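Everything on this sheet refers to the single structure shown next.
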Number of protein chains: 2
Amino acid sequence: MAQKNILQYLILGLLNQSPKTGYDLKRVFEDDIGEFWQAQHSQIYPELKRLEQADRITHVELIAGTKLKKKQYSITADGIAFFDEWRYSPTSEIIASKDEFILKLYFIDSKNDAHLDAMFTEQKTLHQAKLDHLLDRRQTLFSQQAAVDAHYGHYLILEHAINREQDYLNWLTTARP
Amino acid sequence: MAQKNILQYLILGLLNQSPKTGYDLKRVFEDDIGEFWQAQHSQIYPELKRLEQADRITHVELIAGTKLKKKQYSITADGIAFFDEWRYSPTSEIIASKDEFILKLYFIDSKNDAHLDAMFTEQKTLHQAKLDHLLDRRQTLFSQQAAVDAHYGHYLILEHAINREQDYLNWLTTARP
DNA sequence: AATAGCATGTAACTCGTTACATGATTAC
DNA sequence: GTAATCATGTAACGAGTTACATGCTATT
C-alpha cells in the first residue's frame with residue numbers, strides 16, 4: 001500500500017448525492033471542493049472504471065442531442081456501504097499543507113531583505129482575489145437560510161475557506177503593513 | 001515535465017545555510033518546515049545524488065566515532081545561482097491544500113447529523129495538540145528578540161502556522177460549540 | 001464559420017509513501 | 001545488553017500532473 005486513494009471516496013460521495021457523468025464530477029471538483037481537493041479528468045475517468053469493476057458504481061449510457069454519448073454513473077449498495085465506512089471513520093491525521101511562498105520566506109533571514117516587500121505584495125493580491133471569489137460563492141450559494149439547512153456541511157467548509165483566506169491576509173498585512 | 005520538484009530547492013536552500021548530511025536534512029524537514037513541506041529520507045538521498053550529478057552540490061566523507069561514515073554536502077556556486085533563481089521568482093500560484101476531515105464534512109447535509117459532534121470533538125483535540133506543539137516551538141526558538149532578527153523568515157512562518165491553527169480551532173468551536 | 005464548452009479517454013512522467021535492508025553509535 | 005537514534009541506501013507502488021487525442025453541441 002502506498003497512499004490512501006481518497007479520490008474514490010469523493011467520487012462515491014458525489015454519486016451518492018445524485019447520478020453524475022465524469023464531466024459533472026470534474027466540475028464539482030473545480031467548483032465546490034477545489035479548495036480542499038483537486039482532481040483532473042485524467043484521474044477521474046480511470047477511477048470510475050475501477051469503481052465499476054469493483055461493483056461500487058454502475059453506469060447507463062445517455063445520448064445528448066443526436067449523437068453525443070455520455071455515461072451517467074450511479075452508486076450501488078456496495079458502494080454506499082464502502083463510502084459510509086470511510087465517512088464515519090475517525091480522521092486522526094492532519095494532511096499537512098504545502099505552500100511554496102512560505103518556503104521561500106523561510107530562507108529570508110533578515111527583516112531588511114530587499115525582496116520582502118515585493119513578495120508580500122504579490123501574495124496579498126493573490127489571496128485577496130481568492131477571498132473575493134469565495135465571498136462571491138457564498139453569496140451565490142448560501143444567501144438563503146434554506147440552502148444552509150439543506151447543505152450544512154458544504155456551508156461550513158465554505159465558511160472555513162473564507163476564514164482561512166482572511167486569516168492569511170491578516171497575517172500578511174500584519175507582518176508587512 | 002510533470003511536476004515542479006520543489007524539494008531540490010529546499011535542499012539547496014538548507015545547504016546554503018550550512019553544510020549538512022542527508023540525515024540532518026531529514027531532521028530539518030521534520031522539525032522546522034514540516035508544517036509546510038514534508039520529505040522522507042527515501043526521497044532526500046536520491047535527490048542529493050541527482051543534485052551532485054548536476055554539480056549543484058558536492059560532498060566530503062566524514063568519519064564519526066571509528067567507522068561510521070557520513071556524507072556532508074555543501075552547495076556549489078552553480079547551486080547557489082539555481083537556488084536564487086527560484087527563491088526570487090514570483091510565486092503566482094497557491095498550491096491548494098488537502099484536508100480529509102473537511103471532505104467528510106462536505107457530505108454531511110443536515111445540522112442534526114448524529115455524527116457531527118464526534119467529528120468536531122476529534123478535530124478539536126487534534127488541532128489543539130498541534131497548536132500546543134507550535135506554541136512550544138515558538139517558546140524554544142524565538143523567546144529572544146535576537147533569534148527573531150537572525151531568522152526572520154522562520155519566525156514569520158511559525159507565526160503563520162500558529163495563526164492558522166488558532167483560526168482552525170476557532171472555526172471548529174464556532175461551528176460546534 | 002468559428003469559438004467555447006461538453007464529453008471521454010490514454011500515455012508518459014514525476015512525486016511521494018511505505019516497506020525493505022543494513023550497520024554504527026550513544027545512553028540507560 | 002538493549003533500545004533509541006544516527007546514518008544511508010534501494011524497491012515497489014500508487015497518486016497526481018501534463019500532454020496527447022478525438023469528436024459533438026451550443027452560442028455568437
Side-chain angles (χ1 to χ4, degrees), chain A residues 1-11 19-31 33-34 36-54 57 59-73 93-100 103, chain B residues 1-11 19-31 33-34 36-54 57 59-73 93-100 103:
Chain A
M1 173 210 343
Q3 258 122 305
K4 290 193 77 175
N5 195 359
I6 287 175
L7 179 61
Q8 65 181 331
Y9 300 114
L10 300 181
I11 291 176
K20 288 179 181 68
T21 66
Y23 197 85
D24 292 336
L25 289 168
K26 188 201 110 189
R27 275 182 311 185
V28 179
F29 274 98
E30 281 168 4
D31 298 341
I33 55 184
F36 302 103
W37 204 269
Q38 302 78 48
Q40 314 300 319
H41 76 273
S42 60
Q43 215 186 341
I44 292 170
Y45 289 113
E47 191 60 49
L48 285 168
K49 270 201 176 162
R50 276 194 292 277
L51 284 167
E52 188 161 41
Q53 270 169 25
I57 61 175
H59 82 271
V60 290
E61 208 158 82
L62 304 179
I63 306 288
T66 55
K67 298 188 182 177
L68 185 61
K69 291 179 184 175
K70 39 168 137 179
K71 297 182 179 174
Q72 191 182 53
Y73 289 91
E93 264 170 303
I94 301 171
I95 301 177
S97 66
K98 306 201 160 185
D99 187 324
E100 194 174 358
L103 294 167
Chain B
M1 171 213 345
Q3 259 122 305
K4 290 192 76 173
N5 194 358
I6 288 177
L7 179 61
Q8 65 181 332
Y9 300 114
L10 300 181
I11 291 175
K20 288 178 182 65
T21 67
Y23 197 84
D24 293 335
L25 289 168
K26 187 200 113 193
R27 276 182 311 185
V28 179
F29 275 98
E30 281 167 4
D31 299 339
I33 55 183
F36 302 101
W37 204 269
Q38 302 79 47
Q40 313 301 319
H41 76 273
S42 60
Q43 216 185 341
I44 292 170
Y45 288 114
E47 192 59 49
L48 285 168
K49 271 201 176 162
R50 275 194 291 276
L51 284 167
E52 188 161 40
Q53 271 169 25
I57 61 175
H59 82 271
V60 290
E61 206 159 82
L62 304 179
I63 306 289
T66 55
K67 297 188 183 179
L68 184 62
K69 291 178 185 175
K70 42 168 135 177
K71 296 183 179 173
Q72 192 181 53
Y73 288 90
E93 264 170 303
I94 300 172
I95 302 177
S97 67
K98 304 201 161 184
D99 187 324
E100 194 174 359
L103 294 167

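Source: prediction; values computed, not measured. Just so we're on the same page: letters track the sequence lines, and every chain starts at 1.
Contact annotation: B:R27 side-chain N/O to D:dT5 OP1/OP2 distance is not under 4.0 Å.
The CG atom of B:D99 lies 12.5 Å from the CD1 atom of A:I33; values are rounded to the nearest 0.5 Å. Between B:F36 atom CZ and A:E100 atom CD the span is 14.0 Å, to the nearest 0.5 Å. Atom-to-atom distance recorded for B:L68:CG and B:L62:CG is 10.0 Å, nearest 0.5 angstrom.
At a non-hydrogen distance threshold of 4.0 Å, A:S42, A:Q43 from residues 42-50 of chain A come into contact with DNA chain D.
Atom-to-atom, NZ of A:K70 to P of D:dC24 comes out at 16 Å; the value is rounded to the nearest Å. Here D:dT18 presents its P atom at 10 Å from NZ of B:K4, a figure rounded to the nearest Å. Atom OH of A:Y23 and atom P of D:dA26 are 13 Å apart (whole Å). Here the C1' atom of nucleotide C:dA11 and the CD atom of A:Q40 are 15 Å apart, to the nearest Å. Atoms CG (B:L62) and P (D:dT8) sit 9 Å apart, rounded to a whole Å. In this structure, the CG atom of A:L25 is 12 Å from the P atom of C:dG9, given to the nearest Å. Atom CD of A:Q3 and atom C1' of D:dA15 are 5 Å apart (whole Å). Spacing between atom NZ of B:K26 and atom P of C:dT17 amounts to 14 Å, rounded to whole angstrom units.
You'll find the side chain of B:I6 stays beyond 4.5 Å of the side chain of A:K98, heavy atoms only. The side-chain heavy atoms of B:I63 and B:K69, taken from C-beta on, include a pair separated by under 4.5 Å. Looking at A:F29 and A:I44, their side chains come closer than 4.5 Å, going by heavy atoms from C-beta outward.
Residue A:A39 is the one, among A:A39 and A:K69, whose nearest nucleotide of DNA chain D lies closer to the 5' end (criterion: closest heavy atom). DNA chain C is contacted by both A:Q72 and B:W37; A:Q72 maps to the nucleotide lying nearer its 5′ end (nearest heavy atom per residue). Each of A:T66 and B:K98 has a nearest nucleotide on DNA chain D; the 5'-most of these lies closest to B:K98.
Backbone-only contact: B:A64 has heavy atoms under 4.0 Å from sugar-phosphate atoms and none from a base. In this structure, B:K71 reaches the sugar-phosphate backbone alone: every heavy-atom distance under 4.0 Å involves primed, P, OP1 or OP2 atoms, never a base.
In this structure a side-chain-to-backbone donor-acceptor pair under 3.5 Å is present from A:E52 to A:H59.
Within a 6.0 Å radius of CD in B:E93, other residues, nucleotides and ligands contribute 12 heavy atoms or fewer.
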- Task: Would you check, one step at a time, whether the test salt bridge (Lys or Arg N to Asp or Glu O under 4.0 Å) holds for A:R27 with A:E30?
- Result: CA-CA 5 Å; A:R27 275 182 311 185; A:E30 281 168 4; over 6 Å; no
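From one end of the helix from C:dA1-D:dT28 to C:dC28-D:dG1 to the other, with five pairs defining each end axis, the axis direction shifts by 40° (rounded to 10°).
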